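Beneath this line is the structure, given in C-alpha cells, with notes to follow.
Basis for what follows: all heavy atoms, side chains included, without hydrogens, waters or symmetry-related copies. Model, not experiment: these values are computed from the prediction. Lettering follows sequence order; numbering is per chain, from 1.
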Amino acid sequence: MLKSLHIDANKCTGCLQCEMACSYENYGVFNIAKSRIKIFNFEHEGRKVPYTCTQCAEAWCLMACPVDAIRLDAATGAKVINEATCVGCKVCTIACPFGTVNYVADTGKVQKCDLCGGDPACATACPTGAITYVDADWTGLDKMRAWAGKTDNATRASA
Amino acid sequence: MAWTSKVLRVDLTKGTCKSEPLNMEWAQQYLGQRGLATKYFISEVDPKVDPLSPENKLIMVTGPLTGTMASTGGRYSVVTKGALTGAIACSNSGGYFGAELKFAGWDMIIFEGKSPKPVYLSIENDKVELKDAAGLWGKTVWQTEEIIKKSHQDPQLRVSSIGRAGENGVMYAGIINDLHRAAGRSGVGTVMGSKNLKAVAVRGTLGVGNIKDPRAFMVATMAAKKVLADNAVTGQGLPAYGTQVLMNVINEMGALPTRNHRDVSFEDGRKISAEAMAEKRPTDGKSHLVTNAACFGCTIACGRISKIDETHFSVVNKPEYWGASGGLEYEAAWALGAANGVGDLEALQYANLLCNEDGMDPISFGATVGAAMELYDLGILTKEQIGMEAPFGSAKALCELAEMTVKGEGFGKELGLGSARLCEKYGRPDLSMSVKKQEFPAYDSRGIQGMGLTYATSNRGACHLRSYTVASEVLGIPFKTDPLVTEGKAGLVKAFQDATSVFDSAGVCVFTTFAWSLADLQPQLDAACEGDWTMEKLAEVGERIYNMERLFNNAAGFTAKDDDLPPRLKTEPAKTGPAKGLVNGIDLMRPEYYQLRGWDEQGVPSQETLSRLGL
C-alpha cells in the first residue's frame with residue numbers, strides 16, 4: 001500500500017519538532033535551515049501551516065531535470081534526488097509549482113522531501129498529529145469520518 | 001557536546017564585536033543559560049554598579065539544550081543587574097529567537113559599554129555587525145521587527161528588541177522576541193535601552209550538531225516527551241486552557257490578590273478566566289481565544305493567541321490591534337485585571353497588547369496601576385495629578401494609563417517608576433506590593449504560605465518562577481502540602497529554588513516541571529553534554545547557582561531586611577475564603593530557610609557552605 005504525508009494544519013502548534021527531525025534524519029544535525037518541511041506562521045490570523053512536497057504523480061521537477069537526477073522511488077512513491085547526478089542547475093526549483101524543491105548552497109545540490117524511505121521522521125516527531133503518514137488512497141478518511149459522525153441517524157442507533 | 005563553545009563579546013562603546021571561546025570549566029560548574037551567564041556576569045561586573053550606567057553589562061544566553069529536540073528546548077535568558085531591582089536579573093523567554101542564536105553558533109552574547117548612538121546587532125552565523133538604528137529608535141517592537149526583516153530581505157530572521165518603554169526608561173521594560181514572547185521582568189529592557197541597543201536580529205543556519213551521544217539523546221528526549229504528553233497538566237490543562245487554567249482555581253481558594261492585595265478574591269474573576277476566553281462574545285459571536293501556540297521545540301503549547309473584540313472602546317478605529325496576537329496569560333490577566341479590580345477581558349487584552357508591542361512587563365505595570373488606584377482611593381493622588389479619574393475597576397483608566405506609560409507621557413512617566421518608587425514618592429512605601437522593588441505575581445501569600453518565602457528570598461525580587469511552590473501547595477506536584485501552614489515550607493522552597501536553577505540553566509522551560517523532575521531532565525543533559533551529568537552533580541549545580549546569585553546581591557547591598565514582605569501581608573489578615581484570618585508567616589519561615597541554606601541570621605552564606613559548593 002502506498003502511503004503519503006497527510007497534513008492537518010488545524011493541529012499544528014508551530015513547535016518545529018518536525019523541522020528538527022527532518023534535518024536530523026538527513027544531515028545528523030538539529031537545523032531548521034536544512035529542513036525539507038517548513039511551518040508557516042500566519043501570525044495575524046493565528047494560523048500555522050506545515051508545508052512540504054506532495055510527491056506529485058506527474059512530477060514536474062522530475063520531468064524538468066536535464067540530467068535525470070530525480071527518480072521515482074517505486075516503493076514509497078517519493079520523487080528522490082540523486083545527489084551524485086544532480087548538477088545544481090535549479091531548473092527543478094523553477095518547475096515545481098509549490099516551491100518545495102530548494103537549492104542547498106552548502107552542497108551545491110537541490111533537496112526535497114523523500115519520505116525518509118518510507119518512515120518520515122517529521123510525522124514521528126509531530127506531537128499533535130498534525131503530520132501523519134497514511135494510506136495514500138485515503139487521505140480524506142478522517143474528514144469523511146468527521147462528517148459521517150454528523151449524519152443524523154441517532155434515533156435508529158438507539159432503537 | 002551541546003554548547004557551541006563560542007561567546008560573542010560586543011563592546012557598544014567602541015562598536016566592536018569579538019568571538020571568544022566559552023569557559024568550559026565554568027560550563028561544567030554552571031551548565032548554561034542562567035547559571036553560566038550569571039557566572040560570567042559576576043566575574044566581570046562590580047555588584048555596586050548603577051544598572052543604567054555603561055559599566056553594567058547585559059548578557060543574552062542560551063542553554064545546552066536550546067536548539068535541540070528536547071521538548072521546550074528553545075529558551076534563552078537575559079542576565080544583567082536589573083533596572084527595577086538593583087539585584088541580579090535573569091529573565092527567560094521562549095519563542096524562536098533563542099534557538100536561532102544557537103543555530104548561528106553562539107552560546108551567549110555579552111554586551112558591554114554604551115553605544116554613542118542607537119544601534120542594533122545583526123548576526124548571520126559568523127558575520128556579526130553593529131548597524132545604525134536611527135530609523136528604528138522610537139518604533140515599537142512590532143514595527144522594529146517588520147522594518148529589520150524588510151531591510152535585510154529575510155523573513156526568516158528572528159528579532160529580539162525593546163519598544164518605546166525601554167527607550168523611555170520605564171523601569172520594568174522588557175525585551176520582546178517573536179512579537180509576543182518576553183524576557184519580561186526586572187527591567188532588563190530598561191538596561192538594554194540605556195545602552196542605546198535597540199534590537200538583535202539573528203539568522204542561524206549552522207544548527208546544533210555536536211550532541212555527545214545522539215542516539216541516547218533521541219531516546220531520552222522521546223521518553224521525556226511522553227512524560228509531558230501523559231501528564232494531566234502539561235498534556236491537557238496547559239494546551240487547552242493555557243496558564244489561565246489557574247484563574248478560577250486560585251480565585252476560589254482565596255489566593256487571588258485583588259485591588260492591590262486589599263482582597264484575596266475577585267468577584268469578576270470568572271469574567272477574566274480561561275473559560276471566559278473560550279466563550280462566544282455577544283458582540284461578534286466569536287470567542288476571544290483563537291488558538292494555542294507553541295514556542296520552539298515545545299510539545300506542551302500553552303501559549304494563547306487571541307483576537308480582541310473590534311467593537312471594544314479601546315480599539316475602535318485601531319485596526320492594527322484587530323489581528324490575532326499573544327495573550328492573555330494568567331499573570332498578565334491577573335496583574336492587569338484583578339490587581340486593579342478590572343473585570344473587562346477585552347480591556348486587559350488591549351493593555352496586554354500594548355505591553356507586547358512596546359516591551360513592558362505586564363505584571364509590574366498592572367501592579368503599579370493597582371498601587372496608584374489605591375493612592376487615588378485614599379485621596380493621596382488626585383484626578384488632576386493622574387489626568388483622569390482612576391478608581392479601582394476602571395477599564396478606561398487602565399487602557400489610557402498603559403498608553404501613557406509606554407509613551408512616557410504625563411502620569412505615565414510616574415507609573416513607569418514601578419510601584420516601590422511611586423509609593424515612596426507619595427509617602428506610602430507600605431502600599432507597594434513588592435519585594436526588592438519588584439511587584440508580586442498572581443498568588444496571595446496569605447492563602448499560599450510558601451509563596452511568601454518564595455517572594456521574599458527570590459534573588460531577582462518578587463517572582464513566582466524561582467520556586468513555584470504553588471505546584472505543591474495547590475496542585476499536589478510532586479506531593480501535596482497544605483497551603484495554609486508554614487511548616488515544611490522552608491525546605492520546600494529551597495528544593496524548588498535549587499531544581500529551578502537547573503531547569504533555567506538547561507535551555508528548557510520551567511513549565512516542564514509540572515511533569516518532569518530532575519530525574520527526567522538528567523538523562524537528556526547527560527546524553528547531550530560533555531562530562532558526567534549525574535543527579536548529584538545537577539543538584540549541586542542548582543544550589544551553587546542560587547548561592548552565587550545570593551552572593552552578588554549581598555555584595556550589591558541587600559541584607560536580610562530585604563528578604564521581607566510588605567506590612568500588609570504580615571498584618572492585614574485575608575478577609576475571605578479558606579485563608580480568612582491569616583497573614584503570611586514569613587518571620588517563622590525565614591530563619592529555618594537560612595539555616596537549611598547554610599546561611600547566617602543575616603542571610604550570608606557561611607564559609608562552610610561556600611567551600612562545599614566551590615564558591
Side-chain angles (χ1 to χ4, degrees), chain A residues 7-51 99 102-109 111 116 119-132, chain B residues 2 66-74 95-96 99-100 102-104 125 142 145 155-156 178-180 203-211 214 217-218 221-222 225-226 228-229 235 239 289-307 320 322-326:
Chain A
I7 286 170
D8 182 350
N10 287 331
K11 291 182 179 165
C12 179
T13 62
C15 75
L16 310 191
Q17 284 280 342
C18 56
E19 295 196 21
M20 282 188 284
C22 180
S23 65
Y24 181 73
E25 176 73 22
N26 292 297
Y27 299 96
V29 56
F30 301 122
N31 185 0
I32 59 171
K34 286 197 151 71
S35 174
R36 297 160 183 186
I37 184 165
K38 290 297 281 181
I39 306 303
F40 292 88
N41 195 343
F42 300 92
E43 286 280 354
H44 301 294
E45 301 163 47
R47 292 195 304 131
K48 296 144 207 112
V49 183
Y51 207 82
N102 283 285
Y103 182 65
V104 183
D106 283 354
T107 58
K109 315 283 180 183
Q111 68 164 0
C116 298
D119 183 15
C122 56
T124 310
C126 179
T128 63
I131 308 168
T132 48
Chain B
T66 306
T68 73
M69 275 182 83
S71 185
T72 77
Y96 303 96
E100 198 74 21
K102 187 84 174 281
F103 289 160
N125 297 340
W142 296 351
E145 182 163 334
Q156 298 192 81
D178 304 293
L179 303 179
H180 44 70
R203 185 74 200 288
T205 62
L206 304 172
V208 175
N210 58 348
I211 297 295
F217 184 70
M218 293 305 269
T221 53
M222 282 285 251
K225 280 175 210 170
K226 187 164 184 322
L228 292 177
L289 181 71
V290 176
T291 184
N292 67 327
C295 295
F296 183 95
C298 175
T299 57
I300 303 172
C302 75
R304 302 292 94 184
I305 302 293
S306 300
K307 265 190 185 168
E320 64 269 33
W322 294 354
S325 197

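- Contacts of A/D106 with chain B are absent, with no heavy-atom separation under 4.5 Å from either backbone or side chain.
- Counting heavy-atom pairs under 4.5 Å between each of B/I305, B/V208, B/L179, B/I300 and chain A puts B/V208 at the top.
- Of residues 119-128 of chain A, those residues with a non-hydrogen atom less than 4.5 Å from any non-hydrogen atom of chain B are, in numerical order, A/T124, A/A125, A/P127.
- Closest approach of B/F103 to A/F30, counting heavy atoms only: CE2-O, 3.2 Å.
- The shortest side-chain heavy-atom distance between B/I211 and A/Y24 does not fall under the 4.5 Å cut-off.
- The candidate from B/G204, B/P239, B/G74, B/G67 with the greatest count of non-hydrogen atom pairs under 4.5 Å with chain A is B/G67.
- For the atom pair CD (A/E45) and OG1 (B/T291), the distance works out to 12.5 Å, reported to the nearest 0.5 Å.
- Listed by first then second residue, pairs satisfying salt bridge (charged side-chain N to carboxylate O under 4.0 Å, His left out) with a partner in residues 120-130 of chain A number zero, not counting sequence neighbours.
- Interface summary for chain B: among A/R47, A/H44, A/K34, the most heavy-atom pairs under 4.5 angstrom belong to A/H44.
- Residue contact with chain A, scored on non-hydrogen atoms closer than 4.5 Å, involves the backbone and the side chain of B/A293 alike.
- Contacts between B/K307 and chain A at a heavy-atom distance below 4.5 Å involve the side chain alone, from C-beta outward.
- Contact count versus chain A (heavy atoms, under 4.5 Å) is highest, among B/A229, B/G209, B/P214, B/G297, for B/G297.
- The two residues A/M20 and B/T68 make their nearest non-hydrogen contact at SD-O, 3.2 Å.
- Going from atom CD1 of A/I39 over to atom OH of B/Y96 covers 8.5 Å, rounded to the nearest 0.5 Å.
- Between the CD atom of B/Q156 and the NZ atom of A/K38 there is a distance of 4.0 Å, given to the nearest 0.5 Å.
- Chosen from B/L228, B/T299, B/T72, B/V290, the residue pairing most often with chain A at heavy-atom distances under 4.5 Å is B/T299.
- B/K226 NZ: 12 or fewer foreign heavy atoms inside a 6.0 Å radius.
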Please determine whether side-chain contact (heavy atoms from CB on, under 4.5 Å) holds for the pair B/D178 and A/E43, giving the CA-CA distance in whole Å, both sets of side-chain angles, and the decisive distance to 0.1 Å.
CA-CA 10 Å; B/D178 304 293; A/E43 286 280 354; 5.6 Å; no

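- Distance CD/A/E19 to CZ/B/F296: 8.0 Å, rounded to 0.5 Å.
- In terms of non-hydrogen atom pairs under 4.5 Å with chain B, the most contact-rich of A/T13, A/N41, A/N10, A/L16 is A/T13.
- Taking all atoms of both residues into account, the shortest heavy-atom contact from B/A294 to A/C15 is CB-CB, 3.7 Å.
- The minimum heavy-atom distance linking B/T205 with A/N31 is given by the pair O-ND2, 2.7 Å.
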